[in-house]
A.B. asks: 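Supplied in C-alpha cells, the structure appears directly below.
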Amino acid sequence: MTTSLGEHFFRHEFGRLVATLSRRVGLRHLEAVEDAVQEALLAAVDSWPKTVVPDNPSAWLYRVAHNRFVGELRRQARRGALDELHAAAEPRADESAPELRLAGDVRDDLLRMLFVCCDEAIPIESQLALALKTLCGFDVREIAARLFTTEANVYKRLGRARSCLRELPLREADVTTDRLTTRLPVVQGVLYLLFTEGYLSVHAETAIRRELCDEARRLATLLAEHPVSATPETFALLALMHLHTARMAARQDVAGGLVLLEDQDRSRWDRTLIHEGLHWLARSAAGATFSRFHAEAGIAAEHCVAPSFAETRWDRVIECYALLERVAPSPLHLLNRAVATAELHGPAQGLALLEGIDPPTWLSGSYMWSAVLADLHRRAGNDAVAESYRRTALETAPSASIREVLARRLARASARSR
C-alpha cells in the first residue's frame, strides 16, 4: 500500500468493514460486500497519496464501501434487496461508522463475524478458509499453506462456505449464547492460525507480521473477557500468544532475516509479556481441561524461562510434545518431539522416533519434514542422506526468509557433525 497508514491498516479495515456491512445488509450479500469493500480500499490507495488523508479514514472507507454496495444493487435492479436496507442503512451525517454490537454477546464486529463464519451448517474446513480470507485478509496462497492443502481446494471451500451463508436468514447472524459455546473451538482455531501466520509468515517479503499477531491477541483477549468464552482453552491460547510475542523482537536481525532460537539475544525478550503469558498459563490450569493450546503454551514457557538454549529443560519440552500428540494427533508434533529428543539425547535417538514413520503427503513433501531429517542425519554423520533432504528442504521453503534460515541451520548441523 502506498499511503502512510500502511498495509496493516488496510488489512484490518477490510475485515472490519466486511463484518459491519454484512451485519447490516445480510449474509447472502457477502460477495457483493467484499467487492464493495475492496473497491473502497483501492479508491483510498489511489486518492489518498494525492490528497490529504481524511481525519477519520475508517469512516471514509465505510461510506465509500456502503455507496459502492448500494450502487451495485441499483445497477442490478435488485429492488427487493434495496428495500431491506431502508433508511437505517444510510451513512450517518457525521461520517462515523456505526457502532453495531450484539446485545450482551460479542462487543466486537470482527469477532462476532468470526462466530457467524463458523456456523455449523458450513463444513469445518470451509469455515476456516472463509474466516481467514474474509475477516483476516489472507490470500488464497497463505490459506493453502496454513491449512496444508492446495489453492484449488481453498477456492472450492470458499465457494461452499459462501453458498451456505447465502441460505441463512438475516436473523441467523445473531450469535446466541449457545452458538458462542458450540462455535468457540473453531474461532479459537482461526485466531491460532492468524497468530501463526504472523509469527512465521509464508509471505514472500515479510518473515514476521507483527500486526497479525497483535490482532489475534486483541481478539483472543475479547474472548477471555466474555463469560461464555472465558475458558481454560482461551486462557491457554492467550498464554501461547503472549509467550511467543515476547520473543519476537529478537527473532529478526537488522536486515529482517530470521534468527535461530539458539542465536537470539535473550536480553531483548519482553519480560512483561513473558510474565503476562505465565499469568494466563496459570489461569488455564483451572479445571480438568487440557488442550493443544495448553501443551504448546507449556513448550513456549520452557523456552522463555530457560537462561540459555543449552540450559533449556528439554525433558519438559519432550513431555509437552508427547501430550500434544495425545490431544491433537499429528505427525508434525512427532517431528518436533524428535528435534527436542535430539537436543537432549543426541541425533540418533531423534531419528529413532521417526524410523518407520510414513508421513502424509502434505508433510513428506514439505520443507519441515525434509529440514528436520536433513538436520538429524547430518548430525548423525549420514551425509549422503542428509544432502538429499537438504536440497528438498531448500527447494520447498515457502519464502526466501525461511529458506535462508534453513540454510544457516543446516550448515551448522554439518559443522557439528564434523
Side-chain angles (χ1 to χ4, degrees), residues 5-27 29-31 33-38 40-41 44 56-63 65-66 69 96-119 122 127-139 142-143 146 158 161-162 165 168 172-176 179-180 183-198 209-226 228-230 234 237-238 241:
L5 292 172
E7 180 181 353
H8 171 55
F9 171 81
F10 289 94
R11 178 188 288 271
H12 177 72
E13 285 299 300
F14 181 84
R16 189 190 65 81
L17 288 170
V18 168
T20 300
L21 279 175
S22 295
R23 186 174 185 193
R24 302 198 77 194
V25 304
L27 294 173
H29 300 305
L30 179 60
E31 289 180 80
V33 166
E34 290 177 335
D35 291 341
V37 170
Q38 186 65 42
L41 295 176
N56 189 338
S58 296
W60 188 97
L61 288 169
Y62 173 81
R63 188 180 70 253
H66 174 275
F69 172 78
S96 297
E99 186 78 8
L100 298 176
R101 296 181 180 174
L102 280 177
D105 285 322
V106 179
R107 64 179 176 84
D108 184 280
D109 266 342
L110 187 58
L111 186 59
R112 176 203 145 275
M113 189 62 176
L114 278 177
F115 278 95
V116 172
C117 287
C118 297
D119 190 284
I122 304 172
Q127 294 176 15
L128 292 171
L130 180 66
L132 293 173
K133 174 69 172 68
T134 300
L135 301 177
C136 301
F138 282 29
D139 61 34
E142 291 169 335
I143 298 172
R146 287 303 167 201
L158 289 172
R162 287 166 176 153
L165 284 180
L168 295 178
E172 281 293 317
D174 292 331
V175 183
T176 63
R179 289 171 183 150
L180 278 174
R183 300 177 190 181
L184 179 59
V186 181
V187 171
Q188 292 167 336
V190 171
L191 297 184
Y192 173 84
L193 291 174
L194 176 61
F195 183 89
T196 301
E197 171 58 21
R209 300 160 79 175
R210 178 65 182 258
E211 75 282 357
L212 296 186
C213 294
D214 290 343
E215 181 67 2
R217 279 198 301 139
R218 183 186 75 83
L219 294 172
T221 300
L222 290 178
L223 287 182
E225 293 172 348
H226 193 281
V228 175
S229 52
T234 298
L237 177 60
L238 260 180
M241 291 178 176

A.B. asks: Just by distance, do the side chain of E142 and the backbone of D139 share a donor-acceptor pair under 3.5 Å?
C.D. replies: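 Side chain of E142 to backbone of D139, a donor-acceptor pair under 3.5 Å: yes, one is there.
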
A.B. asks: Between E211 and D214, does the side chain to side chain contact (heavy atoms under 4.5 Å, CB included) criterion hold? Intermediate values first, please.
C.D. replies: CA-CA 5 Å; E211 75 282 357; D214 290 343; 5.6 Å; no

A.B. asks: Ignoring hydrogens, what is the shortest heavy-atom contact between C117 and L130? Give both atom names and the distance.
C.D. replies: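 Closest approach of C117 to L130, heavy atoms only: SG-CD2, 3.7 Å.
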
A.B. asks: Does the side chain of R218 reach to within under 4.5 Å of the side chain of T221, using non-hydrogen atoms?
C.D. replies: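 In short, these two side chains do not touch, never coming nearer than 4.5 Å.
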
A.B. asks: Measuring only between side-chain heavy atoms, which start at C-beta, is Q127 closer than 4.5 Å to D119?
C.D. replies: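 Not in contact.
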
A.B. asks: Please name the pair of heavy atoms, one in R162 and one in L30, separated by the smallest distance, quoted to 0.1 Å.
C.D. replies: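 Answer, listing the atom of R162 first, then L30: CG-CD2, 4.2 Å.
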
A.B. asks: For the atom pair CG (L222) and OG (S229), what is the distance rounded to the nearest 0.5 Å?
C.D. replies: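 Taking CG in L222 and OG in S229, the distance rounds to 8.5 Å.
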
A.B. asks: Measure the spacing between CG of L61 and NE2 of H66 and express it to the nearest 0.5 Å.
C.D. replies: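 Reported value, rounded in 0.5 Å steps: 14.5 Å.
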
A.B. asks: If you measure from OG1 on T20 to CZ on R112, what distance do you get to the nearest 0.5 Å?
C.D. replies: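 Here the rounded value is 9.0 Å.
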
A.B. asks: Show your reasoning for whether side chain to side chain contact (heavy atoms under 4.5 Å, CB included) applies to L110 and E215.
C.D. replies: CA-CA 11 Å; L110 187 58; E215 181 67 2; 3.2 Å; yes

A.B. asks: Out of the candidates L158, L114, V18, only one should pair with T134 under the side-chain contact (heavy atoms from CB on, under 4.5 Å) rule; please name it.
C.D. replies: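 Of the listed residues L158, L114, V18, the side-chain contact (heavy atoms from CB on, under 4.5 Å) partner of T134 is V18.
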
A.B. asks: Minimum heavy-atom separation for A36 and A65, please, with both atom names.
C.D. replies: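 Looks like CB-O, 3.4 Å.
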
A.B. asks: Where is the tightest heavy-atom contact between V228 and L184, given as atom of each residue plus distance?
C.D. replies: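 Answer, listing the atom of V228 first, then L184: O-CD2, 4.4 Å.
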
A.B. asks: Take L223 and L191 through the side chain to side chain contact (heavy atoms under 4.5 Å, CB included) test and state the conclusion after the steps.
C.D. replies: CA-CA 10 Å; L223 287 182; L191 297 184; 3.7 Å; yes

A.B. asks: Going from CD on Q38 to CG on L41, what distance comes out if it is rounded to the nearest 0.5 angstrom?
C.D. replies: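 The CD atom of Q38 sits 5.5 Å away from the CG atom of L41.
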
A.B. asks: Output the distance between atom CG (L193) and atom CD1 (I143), rounded to the nearest 0.5 Å.
C.D. replies: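 Between L193 CG and I143 CD1, I get 10.0 Å after rounding to 0.5 Å.
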
A.B. asks: Given side chains that start at C-beta, do those of P57 and E13 come closer than 4.5 Å, heavy atoms only?
C.D. replies: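 Result no, sub-4.5 Å side-chain heavy-atom pair not found.
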
A.B. asks: About how many Å separate CG of L180 and NE2 of H226, when rounded to the nearest 0.5 Å?
C.D. replies: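 If I round to the nearest 0.5 Å, the distance is 5.5 Å.
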
A.B. asks: To check you understand the geometry: which heavy-atom pair defines the closest contact between F195 and M241, and what is its length?
C.D. replies: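 That would be CZ-O, 3.4 Å.
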
A.B. asks: Please check this pair: side chain of T234 against backbone of A230, looking for a donor-acceptor N/O pair closer than 3.5 Å.
C.D. replies: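 Not at all, since once roles are kept as given, no pair shorter than 3.5 Å links the two residues.
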
A.B. asks: For the residue pair G198 and L212, what are the closest heavy atoms and their distance?
C.D. replies: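 Taking G198 first and L212 second, the nearest heavy atoms are CA-CB, 3.8 Å.
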
A.B. asks: Evaluate the side-chain proximity of F69 to V37: yes if any heavy-atom separation is below 4.5 Å, no if none is.
C.D. replies: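 Side chain of V37 against side chain of F69, heavy atoms only: no contact under 4.5 Å found.
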
